[in-house]
There are 2 protein chains.
Amino acid sequence: MKKKREGKTTSKIFDDHDHGMCFDDAIEQIENYFLKKNLQFTPLRRKVFEILIRDHKPLGAYEILEALGRDGFSSSPPIAYRVLDFLMEHGFVHKIQGLNAFIACSNPNHSHSPAFVICRKCEKVAEVDEKKSGISFNSPNIDNFEVEKTTVEMTGVCTTCSRAATI
Amino acid sequence: MKKKREGKTTSKIFDDHDHGMCFDDAIEQIENYFLKKNLQFTPLRRKVFEILIRDHKPLGAYEILEALGRDGFSSSPPIAYRVLDFLMEHGFVHKIQGLNAFIACSNPNHSHSPAFVICRKCEKVAEVDEKKSGISFNSPNIDNFEVEKTTVEMTGVCTTCSRAATI
DNA sequence: CTGATAGTGTTATGTTATAACATGTTATGA
DNA sequence: TCATAACATGTTATAACATAACACTATCAG
């Protein structure tokens with residue numbers, strides 16, 4: 001049952017996202033990817049991904065562990081960290097460094113260098129596409145340094161929060 | 001006694017920096033800044049800054065604490081974190097999120113949004129200037145979201161390390 | 001002198017992450 | 001088919017990073 005996205009007037013970047021769509025599609029995409037790559041989409045991995053994609057907000061490793069515990073899985077720390085590492089390797093989960101938290105990827109299709117917009121009040125996070133957002137993060141002119149991974153995070157206050165109160 | 005920089009052939013970005021100069025200047029700059037702003041450059045604050053600027057490499061809070069202890073200061077965690085927060089507020093220290101570590105700022109003059117290039121092998125870090133490095137990190141087209149702070153880190157392997165060994 | 005502020009110190013604890021090793025399960029190939 | 005390798009999960013313990021809460025001192029404005 002896919003939700004249709006409702007017209008909204010709030011901060012576009014945080015809402016420009018059909019989450020019902022996203023959930024179903026995301027599960028399908030990850031299944032296909034794992035099949036194709038001959039990797040195991042085990043119950044544990046599926047569960048961790050579902051936990052992340054269902055909230056679609058950043059969760060700390062220990063929050064994920066609690067959720068795992070509630071669902072009958074082991075909840076000792078290495079369980080979460082191992083699965084998260086695995087899902088990150090394959091681009092289905094990103095770590096938000098500024099929050100020590102993990103979030104399901106919004107764009108598992110592209111192999112991208114994601115950028116995140118983080119509201120420091122509500123801690124909502126939007127993963128923005130380089131092109132759509134107007135960010136351009138050009139390959140830097142750094143002699144002989146091969147960039148393997150980029151971390152780009154922008155922190156501020158989202159429209160909803162800034163409307164709700166003066167800082 | 002200011003060291004003159006020797007001709008080198010290693011990764012430019014990590015070496016394009018006169019550290020002898022940097023140390024002396026940095027101390028002077030921070031002193032002036034604090035004077036001007038009527039802030040106290042206390043022995044503890046000075047020591048923390050000196051520890052960071054003298055190595056000019058990222059140090060974890062607990063490494064800084066050890067150094068403080070060796071120099072006769074208290075080495076309980078809040079000491080380091082408080083001073084680091086203070087120095088970060090004023091732009092003399094940055095946190096490298098990818099390493100949970102702190103580094104003295106290379107450019108305390110400009111109020112900038114720094115970007116860091118990190119070698120994942122030797123953990124050397126270079127703070128790069130947007131313009132010099134060719135990075136362009138344009139203000140993103142995000143409706144009504146005011147970016148207060150950016151984190152930009154690029155991880156890879158520096159020339160020295162990649163020459164030293166195949167991955 | 002009094003009360004406010006800032007700086008430092010201390011104890012205790014909270015939070016995040018990993019090391020090291022054990023167990024089960026599946027695939028491979030001699 | 002049996003050894004073995006590779007992978008996935010589980011467990012215990014601990015490491016590494018960070019903050020809360022409160023105490024003490026010094027300085028300074030009123």
Side-chain angles (χ1 to χ4, degrees), chain A residues 30-31 33-35 37-52 58-90 92-103 120 123 151 153, chain B residues 30-31 34-35 37-52 58-90 92-103 120 123 151 153 155:
Chain A
I30 194 170
E31 276 172 349
Y33 176 93
F34 277 43
L35 259 174
K37 294 265 185 174
N38 225 340
L39 298 166
Q40 301 181 51
F41 196 41
T42 61
L44 177 62
R45 288 170 181 173
R46 173 186 290 271
K47 179 56 73 182
V48 170
F49 185 70
E50 281 176 0
I51 288 164
L52 285 168
L59 296 176
Y62 283 72
E63 291 178 282
I64 293 166
L65 283 167
E66 277 174 38
L68 286 175
R70 284 194 296 273
D71 288 357
F73 291 84
S74 163
S75 61
S76 55
I79 296 293
Y81 285 104
R82 278 193 297 231
V83 173
L84 289 167
D85 284 348
F86 178 84
L87 294 172
M88 283 193 290
E89 264 171 39
H90 295 282
F92 292 97
V93 167
H94 298 298
K95 179 166 188 183
I96 307 297
Q97 296 282 0
L99 301 173
N100 291 321
F102 302 87
I103 192 166
R120 69 170 160 75
E123 298 205 334
T151 299
E153 297 178 9
Chain B
I30 194 169
E31 275 173 350
F34 277 42
L35 258 174
K37 294 264 184 174
N38 226 340
L39 298 166
Q40 299 181 52
F41 195 42
T42 62
L44 176 61
R45 288 170 180 175
R46 172 186 289 271
K47 179 56 72 180
V48 170
F49 185 70
E50 281 177 0
I51 288 165
L52 284 169
L59 295 176
Y62 282 69
E63 292 178 283
I64 293 166
L65 284 167
E66 279 174 37
L68 286 174
R70 284 194 296 273
D71 288 355
F73 290 85
S74 163
S75 59
S76 54
I79 296 293
Y81 286 105
R82 278 192 297 230
V83 173
L84 289 168
D85 284 348
F86 178 84
L87 294 172
M88 283 192 290
E89 263 171 40
H90 295 283
F92 291 97
V93 167
H94 299 297
K95 180 167 187 181
I96 307 297
Q97 296 282 0
L99 301 173
N100 292 320
F102 302 87
I103 193 165
R120 67 168 161 76
E123 298 203 335
T151 299
E153 297 178 8
T155 304

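Chain A is the first sequence line, chain B the second, and so forth, proteins listed ahead of strands; every chain is numbered from 1.
Taking atom CZ of A/R45 as the reference point, atom P of D/dC7 lies 10 Å away to the nearest angstrom. In this structure, CZ of B/F41 is placed 15 Å from C1' of C/dG7, rounded to the nearest angstrom. Per the geometry, CG belonging to A/D85 stands 10 Å off P belonging to C/dA19, to the nearest Å. We find that CD of B/E63 is positioned 14 Å from C1' of D/dA15, with the value rounded to whole Å. Atom-to-atom, NZ of B/K47 to C1' of C/dG9 comes out at 18 Å; the value is rounded to the nearest Å. What separates CD of B/Q40 from P of D/dT27 is a distance of 10 Å, to the nearest Å. A straight line from CZ of B/R46 to P of C/dG7 spans 16 Å, rounded to a whole angstrom. Atoms CD1 (A/I79) and C1' (D/dA8) sit 9 Å apart, rounded to a whole Å.
Residue-to-nucleotide contacts include a donor-acceptor pair under 3.5 Å from the side chain of B/Y62 to the base of D/dA18.
Residue A/R82 is classed as a base contact, given a heavy-atom separation below 4.0 Å to a base.
Nearest-nucleotide assignment on DNA chain D puts the 5′-proximal partner with A/G72, out of B/P78 and A/G72. Both B/F73 and A/G60 sit near DNA chain C, but only B/F73 has its closest nucleotide nearer the 5' end.
Between the B/Q97 side chain and the B/T151 main chain, no donor and acceptor come within less than 3.5 Å of each other.
OP1 or OP2 of D/dT11 sits under 4.0 Å from a side-chain N or O of A/S74. Residue A/Y81 places at least one side-chain N or O closer than 4.0 Å to OP1 or OP2 of C/dA17. The phosphate of C/dT8 has OP1 or OP2 within less than 4.0 Å of a side-chain N or O from B/T42. The phosphate of C/dA17 has OP1 or OP2 within less than 4.0 Å of a side-chain N or O from A/K95. Listed pair A/N100 / C/dA17 meets the phosphate criterion, a side-chain N or O lying under 4.0 Å from OP1 or OP2.
To the nearest 0.5 Å, atoms CG (A/L87) and CZ (A/F41) are separated by 7.5 Å. Separating the CD1 atom in B/I64 from the CZ atom in B/F102 is a distance of 6.5 Å, to the nearest 0.5 Å.
Counting only residues at least two apart or on different chains, the salt bridge (charged side-chain N to carboxylate O under 4.0 Å, His left out) pairs with a member in residues 70-79 of chain A are A/K47-A/D71, A/E66-A/R70. Among residue pairs with one or both ends in residues 66-87 of chain A, those qualifying as ring pair (Phe, Tyr, Trp, His ring centres under 6.0 Å) are A/F34-A/F86, A/F86-A/H90; sequence neighbours excluded.
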